[in-house]
Amino acid sequence: MRRNWLSAFLKAGFRPFQFSPTERFCLRLLTAMTLFILPEIGGDLTRQSLPGPGKFSFESQPHPNGLAHIFDLTWIGDPEIYAWVYWGMLGLCVPYVLGLLLPVVLPFLALGHICVFTLYQSQGAIGHNRQILSLVLLGQAVAVVLPPLWRRWKGRAFPPCGSDEGRLKSYMFNVSLQVIAACYVVAGISKLIKSKGLWVWQTPDLVVEMVKTNDQRLYTKQEEAGGVELVDTIAFMTDYPGLTRLVLGGGFFLELFAFLALYSRKWALAFGIGLFGLHRSILWLMKLGFPENEQLLVIYFINPVFWAVAGWAWLRGQRQDLYRS
Amino acid sequence: MRHHLSAFLVTLVLCLGLRECYPFSHFPMYSGISRTQHYFFLERAGGEPVMTRAYLGISASSMKKMYYSHLHELRDALKKDRGELGSEDYAAAGDSLLDQLFSGHRDRKAWREAPLTGEVRLIRVDIERVAAGISRRRSFITSMELSP
């Protein structure tokens, strides 16, 4: 009986979502915006993602990362050249948003983003909030380049998206969802491996991390350090380790099972809200923001564009099988 | 249909396999939770802390990561295991870090508040969760004399 239920569950889901032309346009527009601005709710509405011209300057790559192991990327760190790269990427976003020349535009956009942040990450301090956007752009570039090449080489349709025109146009967005989900599952697996399966049990010791993070902020920019709130949170975590495991353990399982977001639109919404909440909690506890992650979760997982269109159709009595699309 | 999740699987394998190779990463943030932690900060000879954002355009957290990049480089060069590293090696990694931060040719005019002069010390603070709460212990790593 249970096996039948599981079999039915698996058969019903994990199918590619279909994206309408309006939704595809909005997703491209919002992704392009994420390249440049990351508006903070109740905070800085002009917060930048890609550093503006004049705010990116590196003359060396002392600790090469990624492509910097093979190529010298320091030329991008020249403020004059970087300004051209920045405006070039902004210019490429116009055809990208309009859905024009995607097999040409997207590889350049992805390469530009990857090169800029590879140089940034080659200074010896590797951060982990830029990768997800680079990976989404890389995934989209592969998704628009590979199917036509496959057809030319093999003489048949690329298996993941088939020959259906609608699925082909939706493929780059399905890939984006998969890349985002993979990033979270990887984070969950890393916790599982490093802690030898004891991560949830060890969560009360996160108070040490919180103190460290707060102290570091004190020596970064004095006025940013936490106060009474932090002391209360640490006291709570120390006094109620069981509850701490329950709350933080929930976040861990959200990461580990993030692939379930690919099951259907409803599951994507649920995981999107859950993971967005997880980031907000991390920001509150650790003062550690992942704005690119948050914005991509809102765009692709929570996807207000789809739910607005679905809600409008539902109100007009045209409710079809939108949730499963 | 069975190929539908191929992008998910490829990303998963590449991220876990390549670990830190931008844009791929194994996203190790908070993957290992410990009862002890440490960080680094800078201070002037008089004990006044040097805010890293104002003077260097980086966070103290980034400074720690940069320190460990230098330490790993030194460890590889000396062909030593982690346990074989002595206080002189930690100080040498600190010297390399301060050299990168203060003696580089990078144009920091856009970030720096004012020129930093005199002695700057690199301090390590060890934090531990003990029965009574949280304990902190500081130790001197190295210092550098900055000329005007």
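For the numbers below, each heavy atom of this structure counts, side chains included, while hydrogens, waters and symmetry mates do not. By convention in this document, chain letters (A, B, ...) are assigned in the order of the sequence lines, proteins followed by strands, and residues within each chain are numbered from 1.
- The backbone N or O of Y30(B) sits less than 3.5 Å from a side-chain atom of W199(A), completing a donor-acceptor pair.
- Chain B forms more heavy-atom pairs under 4.5 Å with one residue of R130(A), H69(A), H113(A) than with any other, namely R130(A).
- Of the inter-residue distances, the one linking S34(B) atom OG with L206(A) atom CG reads 10.5 Å to the nearest 0.5 angstrom.
- Residue contact with chain A, scored on non-hydrogen atoms closer than 4.5 Å, involves the backbone of V50(B) exclusively.
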Problem set entry | Stepwise side-chain contact (heavy atoms from CB on, under 4.5 Å) test for L262(A) and L5(B) | CA-CA 9 Å; L262(A) 307 171; L5(B) 297 179; 3.6 Å; yes

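- Nearest heavy-atom pair across S69(B) and G124(A) is OG-O, 2.6 Å.
- Here the closest heavy-atom approach between residue I126(A) and residue K65(B) is recorded as O-NZ, 2.8 Å.
- Between M51(B) and L218(A), the shortest heavy-atom contact is SD-O, 3.2 Å.
- Rounded to the nearest 0.5 angstrom, T213(A) OG1 and I127(B) CD1 are separated by 8.0 Å.
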For this session: Applying ring pair (Phe, Tyr, Trp, His ring centres under 6.0 Å), run through H72(B) and H63(A) and close with a yes or a no.
Result: CA-CA 10 Å; H72(B) 292 156; H63(A) 302 280; 9.6 Å; no

For this session: I would like to know whether I189(A) and L12(B) meet side-chain contact (heavy atoms from CB on, under 4.5 Å); could you show each step before the answer?
Result: CA-CA 10 Å; I189(A) 292 174; L12(B) 192 78; 4.2 Å; yes

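- A donor-acceptor contact shorter than 3.5 Å links the side chain of Q100(B) to the backbone of Q123(A).
- One distance of note links CZ of F24(B) with CD1 of I114(A); it measures 7.5 Å at 0.5 Å rounding.
- A distance-only check finds no donor-acceptor pair linking the side chain of S190(A) to the backbone of S31(B) [under 3.5 Å].
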For this session: Would you please test R129(B) and T238(A) for side-chain contact (heavy atoms from CB on, under 4.5 Å) and show each step?
Result: CA-CA 10 Å; R129(B) 188 180 169 202; T238(A) 312; 3.9 Å; yes

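- Closest non-hydrogen pair, F8(B) versus A181(A), comes out as CE1-C, 3.9 Å.
- Residue with the most contacts toward chain B among G77(A), S60(A), A125(A): A125(A) (heavy-atom pairs, distance under 4.5 Å).
- Between F40(B) atom CZ and Q216(A) atom CD the span is 10.0 Å, to the nearest 0.5 Å.
- Heavy atoms of other residues, nucleotides or ligands lying less than 6.0 angstrom from CD of E84(B) number more than 12.
- Among all heavy-atom pairs drawn from C183(A) and F27(B), the shortest one is O-CD1, 3.6 Å.
- Residue contact with chain A, scored on non-hydrogen atoms closer than 4.5 Å, involves the side chain of E73(B) exclusively.
- Both the backbone and the side chain of P204(A) have a heavy atom closer than 4.5 Å to some heavy atom of chain B.
- By the neighbour-count criterion of 12 heavy atoms within 6.0 Å, atom OH of Y120(A) is sparsely surrounded, having that number or fewer from other residues, nucleotides or ligands.
- For the side-chain contact (heavy atoms from CB on, under 4.5 Å) test with V186(A), the passing option among P28(B), C15(B), S25(B) is C15(B); the others fail.
- Neither the backbone nor the side chain of L177(A) comes within contact range of chain B, judged by heavy atoms closer than 4.5 Å.
- Counting heavy-atom pairs under 4.5 Å between each of V175(A), I193(A), L135(A) and chain B puts L135(A) at the top.
- Using a distance-only test at 3.5 Å, with no hydrogens or angles considered, a donor-acceptor pair links the side chain of N65(A) to the main chain of Y22(B).
- Interatomic distance, OH of Y39(B) versus CG of N214(A), reported as 9.0 Å (0.5 Å rounding).
- For the atom pair M29(B) CE and F290(A) CZ, the distance stands at 4.0 Å (nearest 0.5 Å).
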Problem set entry | Test side-chain contact (heavy atoms from CB on, under 4.5 Å) applied to Q178(A) and L9(B), step by step | CA-CA 8 Å; Q178(A) 290 179 46; L9(B) 293 171; over 6 Å; no

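- Looking at Q37(B), its side chain never comes within 3.5 Å of a backbone N or O of K212(A) through a donor-acceptor pair.
- Both the backbone and the side chain of Q202(A) come within less than 4.5 Å of a heavy atom of chain B.
- With a threshold of 4.5 angstrom between heavy atoms, R19(B) does not approach chain A through any atom at all.
- Of all the listed residues (P62(A), A235(A), G66(A)), the one sharing the greatest number of non-hydrogen pairs under 4.5 Å with chain B is G66(A).
- Comparing V211(A), T203(A), L192(A) by heavy-atom pairs within less than 4.5 Å of chain B, the highest count is held by V211(A).
- Although no hydrogens or angles enter the test, the distance criterion places a donor-acceptor pair under 3.5 Å between the side chain of T220(A) and the main chain of A60(B).
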